[in-house]
Amino acid sequence: MNARPDNAASSILLSQYRPPAWRVESVELEFDLGIDRTEVLSRLTLRRDPSQQAPLRLDGEELELLSIALDGKALATSAYRYADGVLEVEGVTDGSVLETRVALDPANNTALEGLYLSGTREAGFLLTQCEAEGFRHIAFFPDRPDVLASYTVTLRADRTRFPVLLAGGNPDGSGDTGDGRHWARFVDPHPKPSYLFALVAGQLEKIERDYITADGRPVKLVIWAEGDAIDRCHYAMDALERSMRWDEQAYGRNYDLDVFHVVATHDFNMGAMENKGLNIFNAKYLLADPDTATDDEYRAVEAVVAHEYFHNWSGNRVTCRDWFQLSLKEGLTVFREQQFSADMNSPALKRIEDVSLLRRAQFPEDAGPLAHPVRPAQYQEINNFYTATVYEKGSELVRMVAGKLGREGFRRGMDLYFERNDGRAATLEDFLGALGEANAVDLMPYLAWYGQAGTPRIKASGQYDDAKRCYTLRLTQRTAPTPGQAEKAALPIPIKLALFDADGGMLPLHLGDAEDGATERVIVLDRAEQSLVFAQVDAEPVPSLLRGFSAPTILEFDYSPQQLALLLRHDADGFNRWEAGQQLAAQAYDALRDGSRTQAVQAWCDALAALFADGDIDDALLADLLTPPSEIELAEREQEVDPVRIHDTRRALQGVLAEHIGAEALAVRYRTLMTQAGDGLDAASQAGRRLKQCVLELWERVDSASAQAAAAMQCAQARTMTDRLAALALLVHSESAEATTALAQFRTRHGNDPLAMDKWFAVQAMVPGEGALARVKGLAADPAFTLKNPNRVRALLGGWARSNLSGFHRADGAGYRYLADRLRELDALNPQVAARLATVFNGWRRLEQGRREQARAAIASLASESTLSRNLGEIVRSMLGD
Ligand code: BES
Ligand code: ZN
């Protein structure tokens, strides 16, 4: 056994990147699969870089080396060394073949990285997870993304226990080995990095579909799941087909193997994985039927299926040179998925959803101790950098560039990017270079966005000059220092804008240039300060800025409540319309908290009541408008965070709105929606369910008895999980007398379904207030709870610590101490999941003093632990600022 000392704090630096001294031309792998012991034979054909002298060094973690031979001859123990995760071999020459045989223990692999067992010993199956550095847990290899090799993989296993054998690539024969075992071989014609390797073996059922690509290739699409889940894969199959067609039409990208396999597992660290030809999915993002999946989960299934499929080009055919370039595949693929989902559903709603996520997950990250650039300069543990910054901010950076090039220009640039880099491991410079060259524009100024952490803050102010009939918009940008980056440069910030007159009409914009007279413009703020003078303006206008959220920034403009109400009523940009409502809600929130600007409360309530009464507005958009900014977003606006006060104030704000609309109007609307809304997955039915939930919650604030009675009924009779869970949540969160029965009934109905039981845990973890900790402790003792299953951990501990601020942030710090204890236990089982969960402490420095001290102590107690994994160790040390 040789493992790297886990809490070593050495960093990998982008500036130290060197091309590999040794490449692997081809690799043959042979697996003799078993749950307690799997043996892996690997045969590497090696190529030396003539300009480098280094000996062959292969990565390998916790591998039991059984044999090693070079060019057919067993190696003497003096000819190689295996220590600290590296196998060094002497005497290797260009073209040498190195053969190693190792043994693995999948059943005891609780980290779910490398080869592991999903489910029980009796009925579970074996699978792999290799991104980012999991392949080194399977075989000795230069486990880095710039080593691309062709794979031939042979699997052998007991036929009864493992009837299905899968690996990436095209099938290349199968048969019996005689002794009750069988074999199957797969050849992947496309050279790939080791992180895209995958295999699956076990008892699985399938659904299939024949697909023909636009360029004429017949492809067999196969989705695999355990027997009780296979009937819930049809929606994912449809989503896969839609994704494949979309990538053909939008980007001219065709699939490139004869088969495409997708497998669902309940034991997965992440959401899903794009292994070449063999995608593996967390069941949460693949299985869906109306009785067990909510509308939000249906949308997520479509989005994740699309995301992983899109990686086949943005990630697999063109991969990353090194892990610093992670956003090259992830940011780009998130962007492509966002475009796809916008095309499949409502573009405005999708934009609202994505920007909300950015603000809830990425802005806090960028404002705290874990802030890092989209392309980090260093890391200790790469798994800690699959972050909202790399993904969501990364996608926003692609969006800015795409916006600059326009639809056709972006497509032209992407075509060149794919053509030039196909089969290569590329960098962000390659990406911006190709996009720019195809359009004869210099995009390199945008590279600065990739290297600078922190969210730029734009301050805008307007001044109207009666005499000159002109309106001057003054814009400034500033980015606060982040850890390790004190000085910040001005970035190119595209600001899409329009001006509205008092009647809600858009004004022609006169800036005295070529685009003169257009009603919408994009200007680029690329200095610390800039002014724009609009001519021929008859009266003070209301600016609509950063339309469509044209850059990942925080924009401040001192709007009056009336101005926001005007935009909320008239802005044709669906996103900015919602945004005006959010800002008005934030003003109303401040007013309730401090007793200032009380007219904001009135203006917000009046505007929303009018929209509520208006029959024209889309139900889903109305639901979004009726929802004030989340507690996390509200916390971002405060100097000192008191989570309980934020929760109470936000709740009071909803109460005021509910009063204003009135119990009667809410009851009527609820009943109408109850009778009118269908059970289908069409947009109107989904929107109806979303609004219904929102109305039910408001109704509960003004007439809790009636609303709770309605919820109890809805929970018992619901025909969709969306309706059942919404009603259950209302009963549980309002601590209704009906909650206990409803929870018991839910468990009786769904007790055997892990995904539904995750919701059962999460709903209870999210009851706000003092009682949450005791409830979480009780649930952690439930026989259905286990730290070994990441979905269950995220449902209970993640739901509580991440989404239930008033429940987690107790003034006495007991919540922090409890979480730290669970993190210690979890870290010993699954470092990746532990490290991710620990990021809930990210905002600790901005907590009010009492909580800040308690949180610091809890984090410090973790950091002082000598046995922490490198994953959790890096997170807690960074959070403390070490
Ligand atoms: N490549 C990732 C999966 C991954 C991430 C593997 C980190 C290993 C370590 C995959 O393409 C991905 O991005 N998955 C996301 C979901 C996606 C829809 C944003 C995930 O797993 O969260
Ligand atoms: Zn991805």
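As the structure lists them, so they are numbered: ligands from 1, and atoms in each ligand from 1.
- Relative orientation of the Y386 and W323 rings is tilted, given thresholds of 30° and 60° on the angle between their planes.
- Regarding atom 3 (C) of ligand 1, its nearest protein heavy-atom neighbour is A272 O, 3.1 Å.
- Scanning the protein for heavy atoms near atom 13 (O) of ligand 1, the closest one is Y391 OH, 2.6 Å.
- Remark: minimum distance from atom 7 (C) of ligand 1 to any protein heavy atom is reached at Y386 CD2, 3.1 Å.
- In terms of protein heavy-atom proximity, atom 4 (C) of ligand 1 is closest to E131 OE1, 3.7 Å.
- The pair R209-E241 meets the salt-bridge criterion, with a side-chain N (NZ, NE, NH1 or NH2) lying under 4.0 Å from an Asp/Glu carboxylate O.
- Judged by the 6.0 Å distance and 45° axis criteria, R245 is not positioned over the aromatic ring of Y309.
- The N/O atoms of E274, backbone and side chain alike, include one that comes under 3.5 Å of an N/O atom in ligand 1.
- In this structure, the side chains of L837 and L819 come closer than 4.5 Å at one or more pairs of heavy atoms.
- Within the listing of ligand 1, atoms 11 (O) sit less than 4.0 angstrom from a heavy atom of H311.
- Salt bridge R351/D354: absent, no basic N to carboxylate O contact under 4.0 Å.
- Note on R299 versus D295: no salt bridge recorded, every NZ/NE/NH1/NH2 to OD/OE distance being 4.0 Å or above.
- Residue-ligand proximity: V334 is placed with every non-hydrogen atom at 4.0 Å or more from ligand 1.
- When K329, E308, M270 are ranked by how near their heavy atoms come to atom 16 (C) of ligand 1, first place goes to E308.
- The NE2 atom of H307 and the OE1 atom of E330 subtend an angle of 110° at the Zn ion (ligand 2), given to the nearest 10 degrees.
- Proximity of Q129 to ligand 1 is established by a heavy-atom distance of less than 4.0 Å.
- E825 and R822 are joined by a salt bridge, as a carboxylate oxygen and a charged side-chain nitrogen come within less than 4.0 angstrom of each other.
- Ligand 1 places these atoms under 4.0 Å from at least one heavy atom of M273: 1 (N), 3 (C), 6 (C).
- Taking atom 21 (O) of ligand 1 as the reference point, the nearest protein heavy-atom neighbour is G271 N, 2.5 Å.
- Between K276 and D256 there is a salt bridge, with a side-chain nitrogen of the basic residue lying less than 4.0 Å from a carboxylate oxygen of the acidic one.
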